[in-house]
Undergrad: 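Please read through the structure below; I'll follow up with questions.
The chain is numbered in sequence order, starting from 1.
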Amino acid sequence: MKKIAIIAVTEKGLDKALTIQQEFPKSLVITTLQSSNGNVSSITSISDYLKDNFAKLDGICFVSALGICVRLIAPYIQDKKTDPAVISVDDLGLNVQSVLSGHKGGANDFASKIATILGGNAIISTSSDVQNIWALDTLGNQFNWQTESSISMTKTMALFVNNKPTALLLDIKDKGTKHLEETAPSFVTVFYNVAEIDFTKFELFIAVSYKVYEALIPSLFLVPKVLSVGSGCSKQLDFKLFEDTFKTKLAAEGLRFSAIKNFGSIDIKGEQQAYLDFSKANNIPFSTFTSDEINTITIPNPSEMVLSKIGVDGVSESCAMLLSNNDELLVEKQKIHLETNEKFTFSVALDVNVRRKTAVAIIGAGPGDEELITIKGKKYLEKADCVLYAGSLIPEEMTNWCKPGAIVRNSAMMTLEEQIALMQEHYKKGNAIVRLQCGDPSLYGAIQEQMTIFDELKMDYFIVPGISSFSAAAAVLKSEFTIPEIVQSIVLTRGEGKTPMPSKESISAFAATNATMCIFLSVGIAKKVQAQLLEHYDANTPVAVMYRISWKDEEIYQGKLENLAKIVKDSKKTRTVLIIVGHAIGARKNRSQLYSPDVKHIFRTNKKFVVTE
């Protein structure tokens, strides 16, 4: 919400209004009371203010009795699609009531936010919120899906809030469908193939899909923009005839026009007026590709004639595949002859990012404490059919989260080839696969070699970041590793042992910066590391030798740089050690400017927002 008015009618209410305004810096505090506070707008009539501004505001927060709120807004209420979000807060901030435009206008979320600010109780009466089930009328906006219903949305929502048996079909995989899978109410059954649905057992059908379905029961279609269309055409092409014919042909293929994300052709068609008009009329981005770009794609239906004329063996299929990054097509090249003797071709591909197929999840398990894995990482681990984990670096407790029947293997005793073979076996079956790495996979995780093989085998994968041991080290040391005017950089590196270091990345070279240094995999060469550090750091520079940070057997040794090698030797630790060097360790001086009352920034401008009469 951008335009918010906070209306107070009592002195206590005014105090609460000013507290709320701190969280909404550009909001207006409106009252009929006199106030010397420069952030308060004193007016003569709240009713007159609402008459002039009700339809212009995104949100209104009354700090008053609910009755006052209702009487004041009653004359100006029009429609839930256009009315602002209105909430009412009592003078003590104990209860925050969502009054108007709960879903569409966002009053329910507004009330929850204000309740959190004041430590009060959000009172929301919308049935779906009370039951903690989906608000069907806002799902589309929430996940950027177009909403299409076979009956009125009011009737659709009534079926849902009355918990009628509902079939949910998910034809794609994105953030929204993941949310639906994780939060599906007990009366909702999730399907991934429409052929598996017995519609006689359900009273409502919900589909997140780019496909056309004819269901015999009330249906709600949530249409994501996931289709890429490529097209080629003759020199002349009538826009309207092209558009109407294309829509008809697309529907005949069982695909929704509203699911089109983008549209493209070869660059010599960049000024084709029919394409430009089509793009503008339907708000579909139009892109073109050069012959060189098109020729990087291998298509299923190459044309010798097209190759001889314009130097590429196909336009529509190549462009659809380039736009979608998908090497498969939903619709291969269709040749259309119009009644005007004009011609066009089209092909359709699905955005590769939403294909419902498996992928290897490379997950950062964190530094050691099993509770320091991310929530996202834990969810994937719990659902995995196959889990490979680095035994000595991953706590055993973490594998207890794996579901019964999952294959859980310690990769420490396996070669890379054996690991890939196991993951490939499960990948072909469509099983969920997790490769569990210690810390954050991007740091000394040896995932680059795995990803190279995945790419060669055309296996999809993604990375879930984890908390690195250097972050855990800062927490254990109760230190901020970047101190204003002292040190503003952190170096993550290792000493040169059996594995050579790049010529410009020596410990000595980094030490010249006097940054906070986090040195991995170097406990066995501590004496050498100490000598290189002393070339630039003062001998009294604080150091910490940290063994198995955040594990139950964690051990921390601290001292001065001049004694680093001795500290390591006395610790008798030979592996799983992180060395931290720098003046940031334990530092408590030098205040930042972030929260200084003398400094302005984008979230605290010190600017007054008031109205005048």
Side-chain angles (χ1 to χ4, degrees), residues 1-9 17 20-21 23-31 41 43 45-89 96-115 122-130 133-161 176 220-225 258 281-283 609 611 613:
M1 293 183 190
K2 295 181 179 179
K3 300 177 182 178
I4 295 174
I6 308 165
I7 299 173
V9 298
I20 294 168
Q21 188 186 44
E23 295 291 327
F24 300 92
K26 295 182 180 180
S27 60
L28 295 169
V29 173
I30 306 292
T31 185
S41 298
I43 61 176
S45 170
I46 293 174
S47 183
D48 288 345
Y49 173 79
L50 291 175
K51 180 180 179 180
D52 295 334
N53 295 280
F54 187 81
K56 301 175 184 178
L57 294 167
D58 297 316
I60 305 173
C61 174
F62 281 86
V63 188
S64 69
L66 179 59
I68 294 175
C69 164
V70 172
R71 283 193 292 272
L72 284 169
I73 67 172
Y76 314 112
I77 296 174
Q78 296 293 327
D79 187 282
K80 69 178 182 179
K81 295 179 181 179
T82 57
D83 289 335
V86 179
I87 66 173
S88 177
V89 185
V96 186
Q97 172 79 58
S98 174
V99 180
L100 187 68
S101 297
H103 280 150
K104 287 287 185 181
N108 292 351
D109 291 338
F110 193 20
S112 296
K113 171 73 173 176
I114 300 301
I123 301 174
I124 297 169
S125 57
T126 310
S127 180
S128 56
D129 288 274
V130 172
I133 58 177
W134 310 322
L136 298 186
D137 57 339
T138 60
L139 272 180
N141 289 335
Q142 188 176 352
F143 298 111
N144 197 29
W145 300 328
Q146 182 166 318
T147 302
E148 301 174 13
S149 183
S150 66
I151 59 175
S152 73
M153 182 58 75
T154 301
K155 292 180 180 179
T156 299
M157 292 173 64
L159 289 168
F160 194 71
V161 298
L220 175 66
F221 301 103
L222 300 166
V223 185
K225 289 191 174 297
S258 55
N282 297 287
N283 195 28
F609 290 90
V611 294
E613 289 189 325

Undergrad: If I take atom CD1 from residue Ile46 and atom CD1 from residue Ile68, how far apart are they, to the nearest 0.5 angstrom?
TA: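 Reported to 0.5 Å precision, the distance equals 8.0 Å.
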Undergrad: Which heavy atom of Phe110 sits nearest to which heavy atom of Cys61, and what is that distance?
TA: CZ-CB, 4.1 Å
Undergrad: If you round to the nearest 0.5 Å, how far is CG of Leu28 from CG of Leu57?
TA: 8.0 Å
Undergrad: Is there a side-chain contact (heavy atoms from CB on, under 4.5 Å) between Leu136 and Ser128? Walk through the geometry before answering.
TA: CA-CA 9 Å; Leu136 298 186; Ser128 56; over 6 Å; no
Undergrad: Let me confirm one number: the CD-CE distance from Glu148 to Met153, rounded to the nearest 0.5 Å.
TA: 10.5 Å
Undergrad: Do Ile7 and Leu72 touch side chain to side chain, with heavy atoms closer than 4.5 Å?
TA: no
Undergrad: Can you tell me if Thr126 uses its side chain to pair, donor with acceptor, with the backbone of Asp129 under 3.5 Å?
TA: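 The answer is no, because no donor-acceptor pair under 3.5 Å joins these two groups.
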Undergrad: Quick one, Val86 with Tyr76, criterion side-chain contact (heavy atoms from CB on, under 4.5 Å). Give me CA distance, side-chain angles, the key distance, then yes/no.
TA: CA-CA 12 Å; Val86 179; Tyr76 314 112; over 6 Å; no
Undergrad: Between Gln146 and Val223 (side chain of the first, backbone of the second, donor and acceptor by atom type, cut-off under 3.5 Å), is there such a pair?
TA: no
Undergrad: Should Thr147 and Leu139 be marked as a side-chain contact (heavy atoms from CB on, under 4.5 Å) after you check the CA-CA gap, both sets of side-chain angles, and the distance that decides it?
TA: CA-CA 8 Å; Thr147 302; Leu139 272 180; over 6 Å; no
Undergrad: Taking all atoms of both residues into account, what is the closest heavy-atom pair of Lys56 and Lys3, and its distance?
TA: O-CD, 3.3 Å
Undergrad: Is the backbone N or O of Asp83 less than 3.5 Å from a side-chain atom of Ser101, with the two atoms forming a donor-acceptor pair by type?
TA: yes
Undergrad: Quick one: does Lys225's side chain have a donor or acceptor within less than 3.5 Å of a partner on Ser258's backbone?
TA: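 Judged by distance alone, yes, a pair lies under 3.5 Å.
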Undergrad: Mark yes when over 12 heavy atoms from residues, nucleotides or ligands other than Asp52 sit less than 6.0 Å from its CG; otherwise mark no.
TA: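 Result for CG/Asp52: enclosed.
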Undergrad: Might you confirm whether atom CG of Asn144 has over 12 heavy atoms from other residues, nucleotides or ligands at distances under 6.0 Å?
TA: no
Undergrad: Would you check if the side chain of Ser88 reaches a backbone N or O of Ser64 as a donor-acceptor pair within less than 3.5 Å?
TA: yes
Undergrad: Between Ser98 and Ile124, which heavy-atom pair has the shortest distance, and what is it?
TA: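 Nearest heavy atoms, Ser98 then Ile124: CB-CG1, 4.2 Å.
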Undergrad: Can you name the nearest heavy-atom pair linking Ala122 to Ser112, along with the distance?
TA: CB-CA, 4.0 Å
Undergrad: Are any of the side-chain heavy atoms of Val99 and Ile73 separated by less than 4.5 Å?
TA: yes
Undergrad: Can you measure from OG (Ser127) to CD1 (Ile133) and round to the nearest 0.5 angstrom?
TA: 5.5 Å
Undergrad: To the nearest 0.5 Å, how far apart are OH in Tyr49 and CD1 in Ile60?
TA: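 Tyr49 OH to Ile60 CD1: 7.5 Å, rounded to 0.5 Å.
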Undergrad: If I take atom NZ from residue Lys155 and atom OG from residue Ser150, how far apart are they, to the nearest 0.5 angstrom?
TA: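 Between Lys155 NZ and Ser150 OG, I get 10.5 Å after rounding to 0.5 Å.
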Undergrad: Where do Phe62 and Cys69 come nearest, in terms of heavy atoms and distance?
TA: CD1-SG, 3.5 Å
